[in-house]
Amino acid sequence: MNMEINLQRRKALKTGGGVGLLALFGALGLLQSGVAFAEWNKTAFSAKTMDDALNALGVIVPENGAASIQLTVPEIAENGSVVPVTVASTLADVEQITIFVDKNPSVLAASFVLPKGTEAYITTRVKMGQTANVIALVKAGGKFYRTSKEVKVTAGGCGG
Amino acid sequence: MNNSTVKKLIPLLVLATSCAATAAESEISDSDRIAQYREMISDGNPADFDEMRGEELWKSVAGPKQATLEKCDLGKGAGVVKGVYTELPRYFKDTGKVQDLESRLVTCMTTLQGIPEEVITAKPFATDKKASDISSLATYVVGQSKGIKMAVSTKHPQSKEAYEIGKRIFNYRAGPYDFACSTCHATSNVRIRMQDLPNLNVKKDAQTAYASWPAYRVSQGLTRSFQWRLNDCFRQQRFPEPKFASEATVALTMFLAVSANGGEYAGPGLKR
Amino acid sequence: MNAKLIMGLAVSAALASISLSAQAGNTAEGLDAKTAEIVKRDFRDKGIAKATRVNQDELQAMCSKYVDKLPAKLKTRLEAGESDAIKWPADGKYMGDWKAGEKLAQSGRGMTWSDKAEDPAGGNCYNCHQLSAKEIAFGTIGPSLLNFGKIRGNTEANQRYTYSRIYNAKAMNACANMPRFGHMGILSEAQIKDLVALLLDPESPVNK
Amino acid sequence: MGNPMKIRAAVKDGVTEVKILMQHEMETGLRKEADGTLVPAWFITEVKAQYQGRTVLETQFGQSVSKNPYLLFRFKGGVAGEKITVSWLDNKGDTRSDEVSIAG
């Protein structure tokens, strides 16, 4: 694991210019280009079920977020390879937004940490293998809230 | 089955015994939902990357002659890219032929850069493993016509003839399925599965359809050129393969481009 | 809503252009000939789609020439020819398995250059028709066939009629959009029977 | 080194909206070639956006994110003409950084 991180750092440095000064910053964790990444949550991203994913994220029972989370997804996706998802929230102190697709082989799609000053408003695009629920999990003030919406994925074109 | 599915099924079941006109009305809502989906993905078109790649290729030396394409004449003089796509296909004196953008790019790559035609046309379409130079170049060129109205001329007799032949190819029924382009694209307000089909005999549809190609195809993750669009139509018509940038495809392009005249060019587009 | 009107206009425009070209005499025919020549030269074999596929039979050629609006006499003659060529099932039975029929109806594959010769062709039905109420992704090029059997009745005469429509839609309408699934060898007799069952069997989702 | 991103950022009423389009295959590791061989997983795992040295968004992606990923987010503050830096890292250790000036 450590080796892997080091390798990633080295590569990151190369793109940053690869000069000695940068390497020094890198060693001090002060990478100028900002590519000192946190560790990827492999357990959560490998989870096959919602329960496993929530466990990996340390979520016990999330509150109902139907009223406090605005999840915008298309009702029908003309193509499952690109499904736009927007998650916004009216809750105060939103620290984290997480998006899941409950029928995908790995249910966790993306997770966002929002530092203070960043608004609770995120748009991204996910793949969906079939008609499924898109689930948004919002962490605010130390609590988790959850809401979901179904997206129908249709058979497209002439199919040939 | 959740609530929304049930709600959607009920009107269909109720309509089942009534006439087709009512059924058509209930389908509008699904079409609207598709329109909503398209609107939601309209921002952030990955075709931009192909445009960037094409621009770089245009300005880079290549081929045995180690030349760029910056002296390529696409119809408005050597090196002019702005607005050229809205007047293509057109008749070119130097080749004595009517050419569309892609066949003209072949001419420039052979004459200016010395790349043999067979090399360029062997694999003219991008795949998920390999980008296509000619396709990226086309994406770059069309991007320079955004917002300009289509104005393809048939004044030259050869242009007029290409248009007439293109119209006939549009209606040419053949193959095991008896399909022509017109089988799917000469009726208004119909669709294949969920995909609305433009009626290319109607000005407004023809303008919208033509103006959105080349396009990034979400389902393939690739930016597709107009020649590819025609190629894939013929595939689905169960035809044999049209040769790349051949007289047949250029003539058909001429017919479709003229049908789109007056419409504002809006590509490269973004499609399902 | 305006589909009929627009179609009518398009058709009359097409007719007008035909009569104009006809007056021009050689020009229109010259262009027809040149088009055929170019098409034969500019299409090539790819996979199972051989270049010879662009060669038209009489029906294809006439429907192309008249842009699907045939003179009455020609239309009648062509339809009679297509009708005579229908090969009826030897066992006199028209109904197969609707479940297999639904699978066939869903598949849009078959006979393109990206299909393999050994891959079975699909019926392509949902591309153009509504069938089962459960499938919302249906096309509208052809009429809705939802409740087809319920409305028409599962009689032998109707089974025979349905079989013929799938086998060769051109026997009733020479320039119909629908492929001649039996006539052109796209679907086998057994497959067509499965589709007849999908349309007529009271247990089929089309009639539920 | 990865291919360039396309980043747009504009400030309005004190809120900066950032739109990012990345070039990446985002292979799930589950897709098969025509010949049946599995295409190995290859996807962006992390994306970080920074403004004046502070992190304004920290993202982790899984295999379900679409090819050529798109991201839109908003943060308070941000001054026209100042730069936003976006960096990503993928599961093969490849990375890319690009920056853009905030439009007014």
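Throughout, protein chains are lettered first and strands after them, A, B, ... in sequence-line order, and every chain is numbered starting at 1.
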Notebook entry, point to check: Does C:Glu135 pair with B:Arg193 as a salt bridge, N-O distance under 4.0 Å?
Noted result: yes

Next item on the list: Before accepting this row, confirm whether a basic side-chain N of the pair C:Lys34/B:Glu164 lies closer than 4.0 Å to the acidic partner's carboxylate O.
Entry: no

Under a 4.5 Å heavy-atom cut-off, does chain C meet the side chain of [X], its backbone, both or neither?
X	answer
B:Asn231	both
B:Phe170	neither
B:Ala180	neither

Margin query: Could you report the tightest heavy-atom contact between B:Arg173 and C:Ser64, atom names first, then the distance?
Written below: N-OG, 2.8 Å

Check: Closest approach of B:Pro176 and C:Arg53, non-hydrogen atoms and distance?
Finding: CD-CD, 3.6 Å

Next item on the list: Kindly determine whether C:Thr140 and B:Asn189 satisfy side chain to side chain contact (heavy atoms under 4.5 Å, CB included), including the steps that lead there.
Entry: CA-CA 8 Å; C:Thr140 59; B:Asn189 303 322; over 6 Å; no

Separation of [Y] [atom2] from [X] [atom1] (nearest 0.5 Å):
X	Y	atom1	atom2	answer
C:Phe138	B:Arg191	CZ	CZ	4.5 Å
C:Phe43	B:Thr249	CZ	OG1	8.0 Å
B:Ser246	C:Ile38	OG	CD1	9.0 Å
B:Met194	C:Ile136	CE	CD1	4.5 Å
C:Thr112	B:Tyr177	OG1	OH	8.5 Å
C:Asp68	B:Thr183	CG	OG1	7.0 Å

Taking every non-hydrogen pair under 4.5 Å, which of [options] racks up the most with chain B?
options	value
C:Gly142, C:Gly185, C:Cys175	C:Cys175
C:Gln56, C:Lys46, C:Met184	C:Gln56
C:Gly139, C:Ala36, C:Cys128	C:Gly139

So for atom [atom1], which belongs to [X], do other residues, nucleotides or ligands contribute more than 12 heavy atoms lying within a distance under 6.0 Å?
X	atom1	answer
B:Lys204	NZ	no
C:Lys99	NZ	no
B:Lys123	NZ	no
B:Lys203	NZ	yes
B:Gln36	CD	yes
B:Lys243	NZ	yes

Next item on the list: Determine, stepwise, if the pair C:Val67 / B:Ser182 fulfils side chain to side chain contact (heavy atoms under 4.5 Å, CB included).
Entry: CA-CA 9 Å; C:Val67 194; B:Ser182 59; 5.6 Å; no

Margin query: Is C:Ile141 in contact with chain B via its backbone, its side chain, both, or neither, using a 4.5 Å heavy-atom distance?
Written below: both

Look only at the side chain of [X] and the backbone of [Y], and say whether a donor-acceptor pair between them is shorter than 3.5 Å.
X	Y	result
C:Thr35	B:Ile169	no
C:Asp42	B:Glu247	yes
B:Asp178	C:Pro179	no
B:Tyr172	C:Val54	yes

Item checked: Between C:Ser114 and B:Arg235: side-chain donor-acceptor atoms closer than 3.5 Å -> yes

